[in-house]
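First up is the structure itself, then whatever we jot down about it.
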Amino acid sequence: MSALGNPAVRLLAARSLRTHRKAWAAVFAAVVVTSALLGALALAIGSAGLGHARVERYAAAPVVVAGDQEISWTTDPWGSEPTTVSAGLTERVRIPSAAVDVLREVPGVRAAVPDDTFVVREPGTGKTGAAAAGGGAAYTGRSWEAAALAPYKLLDGREPRKAGEVVAGTGSGTGTGAGVRVGDTVAGRTVVGVADGPAAALYVTAQEARRLAGHPGAVDAVGILGEPGIPVDTLHARVRAALDDAGLKDTSVGQPLRALTGDGRGGAEHLAAPPARTELLQVLAAVSGTVLLIAVLVLSSLVAQALGQRGPERDLLLAVGATPRQVRAAAGREVTRVAGVAAVLGALAAVPTFLAAWSLLRARTGVVPEGLVLPTPPWLLASVLVVAAVVVGLARLVVLFSTRRAGRAGKGAARRVSGLVLLVLGAAAAVTATAQGGEAAGAAAGAATVTLVSGCALLGPWIARGAMRILDGPLRRLGGAPGRLTAAGATAHSRRLGAALVPVVLVTAFALVQLTAGSTMGRAAETQARSATTADLAVSGTTAERVRKLPGVTAATDVLRSTVVLARTEAGTPRLDRLPVLGVDADGLKGTLDPGVVAGDLAGLAARGTVAVGADMADSLEARPGSTVALRLGDGTEKRLRVVAVYERSLALGEFLLPKAELAPHMTDPYPARVLAATKNGATASGDPAVVPERVTTAGAELNGIVSAAVVTAIGALTVLSVLSTLALIGAGRRGELALLRQVGASVGQVRRMLGLEAGFLTVTGLLLGLVVAALPLTAFAWALTGGLPYLPPAQAALIAGTVVVTVAAGVFLPVSGRRLRR
């Protein structure tokens with residue numbers, strides 16, 4: 001008969017569970033929170049994995065032909081098998097106009113409609129001062145024939161027939177285009193019709209659309225309308241075959257054109273949605289790995305502590321005839337019951353937690369990129385049950401290791417060696433971070449933190465014993481009888497004290513790393529942005545050419561915002577990094593933007609085919625003035641650019657500065673994000689806006705920041721709970737010890753002071769050890785990215801210390817009330 005089916009095992013598990021139900025309460029709470037957190041993350045990853053761009057403008061077109069908005073790079077690093085990596089493009093990849101004629105000849109195609117989107121802006125306001133150069137409202141422009149792809153139908157008036165006529169969209173009655181009527185003038189054009197399209201949309205003639213789009217010989221996309229009764233799959237196959245036979249390539253990268261159906265059509269509308277979805281998945285995957293590691297540490301500590309407190313009980317069972325296998329089986333059955341119920345409850349709590357968080361995320365305007373759909377089908381909710389099973393499996397695995405020596409005493413040599421190895425690996429990872437940059441440095445620092453904390457967890461008893469040797473003398477001399485009791489108890493129960501230290505170190509180190517890394521980066525970037533922005537005026541909705549005509553303006557530069565893709569290998573692994581960049585006028589940089597040049601001259605940016613590179617990136621690429629850097633611009637076009645300068649303020653301005661003339665032709669909308677200007681008197685005119693420091697941000701940075709902050713908060717709550725649970729579990733297991741102290745003459749006050757000294761020891765040692773664990777990777781991270789030391793606002797440092805103090809005090813004193821002590 002197997003151990004699990006043995007009646008003796010079932011009896012032992014049932015009786016032990018009832019006897020130790022208070023001790024298991026701590027494990028139960030930790031499993032509930034862990035299962036809820038991991039379940040919510042699993043739902044978020046599933047929703048992001050199913051995410052797609054919303055189909056709006058092409059809803060009536062079963063097939064859409066467009067360029068490939070993803071670039072790939074294949075290489076064979078270090079002589080291994082070829083590896084392919086991909087990255088999304090944020091600027092429009094256009095297709096040749098010749099594709100329209102090819103598609104119109106495909107059997108079953110009723111119409112092949114070319115589509116271009118462009119921005120139509122109101123003329124200047126005519127005011128004086130900086131506002132004189134500013135433009136009015138901006139509208140999305142398209143040809144009227146492309147409105148049939150939605151379809152958007154006329155509600156009033158007629159279609160446009162000449163250049164000065166437009167049809168305006170009304171949307172739902174709100175927005176820039178709301179309330180427009182036939183006969184109104186919008187963007188200098190007469191409204192001849194009103195359609196049920198989106199607000200802030202203007203439709204012009206096909207000829208005017210080609211002129212305003214500004215890229216003759218190319219179109220954004222082609223919408224295919226099929227003959228009635230033609231299945232989508234059939235139409236798609238015919239379109240695909242026609243494109244392959246014609247051998248048409250896009251105008252940027254030279255890749256074959258794509259024929260999109262279903263949700264894939266949305267990617268041709270909302271260019272920022274697919275890259276943002278990919279970045280969101282990467283963030284969720286990274287934090288899920290961190291949560292899983294922390295969950296393993298927390299559950300391992302709690303379950304091991306719960307079982308370790310029952311050593312005498314286990315020895316008694318072995319003495320009366322129980323086999324080690326029966327003891328392990330009974331413990332496993334006991335843990336499975338506790339963790340099983342807790343994991344299911346946590347899984348159920350994960351569903352409303354995820355739905356509430358996702359609803360709040362969608363409700364925040366501008367956080368989720370326009371057009372990104374994050375669906376949550378009902379079948380996805382079942383994934384929380386898989387997570388619950390994984391959590392139960394983790395708890396059961398801990399039992400296997402915690403009871404593997406039932407009946408045999410061990411010296412813990414393997415544990416000590418493993419802990420030392422982890423400390424060495426953590427230190428090596430921290431050193432590695434100093435040689436990395438950007439995300440790689442952050443990842444190395446995070447890995448170093450988790451590895452160091454894991455090493456401390458294994459070495460907890462020896463660390464506690466070493467700390468107590470240092471404090472033994474002061475406690476005995478200055479603490480009186482409670483101090484001597486504390487020192488004696490810590491020496492006798494170093495394993496218990498080490499188990500109590502681990503969660504305190506974990507919460508301290510984790511909080512320090514997460515808060516300090518963000519503060520360090522934010523402070524350095526803000527400082528660089530203030531130093532780099534020397535302009536007196538900042539104006540949006542206009543161009544530098546118009547601003548230069550204002551009285552008193554001595555220099556002005558357009559600031560264009562786009563992205564580039566950099567292909568490189570890191571530790572033998574190929575990667576494509578999509579980086580934000582600025583396009584500027586070299587002639588207008590003096591007095592407006594100071595990147596902090598350390599080599600070369602920014603005047604070289606006046607010529608096309610040039611680039612300025614941030615100092616850290618230049619070191620990574622071994623680039624210097626006169627060398628060449630290969631970049632793929634926002635639409636995927638590959639350029640080999642000559643380096644003309646190296647600058648130091650890359651945290652604020654990005655890793656690359658390009659000439660406006662180089663960047664603009666490869667942007668969907670090459671209009672300046674804003675104009676920076678210098679004036680004669682060095683001050684802004686009355687009523688002009690204050691200059692906000694120039695600073696680049698990665699696409700989707702706000703979305704990823706909010707998700708990271710939410711998950712970090714949840715992980716912080718889990719680590720705090722682990723401190724409370726561990727200390728409560730330890731307190732429940734030592735009630736007999738405290739009762740014995742009372743019986744041999746210790747007063748209630750002496751026991752309380754002893755507990756207070758223990759709490760102080762745990763707090764001080766945990767904070768110091770957590771600080772040491774966090775300091776190494778944080779220093780490496782800060783030095784790699786900013787060249788300085790890490791920074792944490794005093795208020796946040798006080799919050800971490802206060803949280804640890806309160807949590808430890810509650811964990812030590814709550815399980816042992818004064819009433820129980822007196823009794």
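Interatomic distance, L776 CG to L771 CG, rounded to the nearest 0.5 Å: 11.5 Å. For the atom pair S650 OG and L579 CG, the distance stands at 10.5 Å (nearest 0.5 Å).
The heavy-atom pair separating V387 from G39 by the smallest distance is CG1-N, 3.7 Å. When all heavy atoms of V384 and A350 are compared, the pair lying nearest together is CG1-CB, 4.1 Å. Pairing each heavy atom of L280 with each of A48, the nearest pair is CD2-CB, 4.1 Å.
Remark: side-chain polar atoms of R568 are not paired, donor with acceptor, to backbone N or O of L621 under 3.5 angstrom. In terms of modelled atom types and a separation under 3.5 Å, the side chain of R575 and the main chain of A567 share no donor-acceptor contact. At distances below 3.5 Å, not a single donor-acceptor pair connects side-chain atoms of S72 with backbone N or O atoms of S86. Under a 3.5 Å cut-off, the side chain of T803 and the backbone N or O of L799 do form a donor-acceptor pair. Judged by distance alone, the side chain of T508 and the main-chain N or O of V504 form a donor-acceptor pair under 3.5 Å. Side-chain atoms of S35 come within 3.5 Å of backbone N or O of A343 as a donor-acceptor pair.
Counting only heavy atoms from C-beta outward, the side chains of F656 and V613 approach each other to under 4.5 Å. Side-chain contact between L566 and M617 is present, with at least one heavy-atom pair separated by less than 4.5 Å. For the pair P790 and T779, the minimum side-chain heavy-atom distance is below 4.5 Å.
The one candidate from L38, V32, L37, V31 that meets the side-chain contact (heavy atoms from CB on, under 4.5 Å) condition with T34 is L38.
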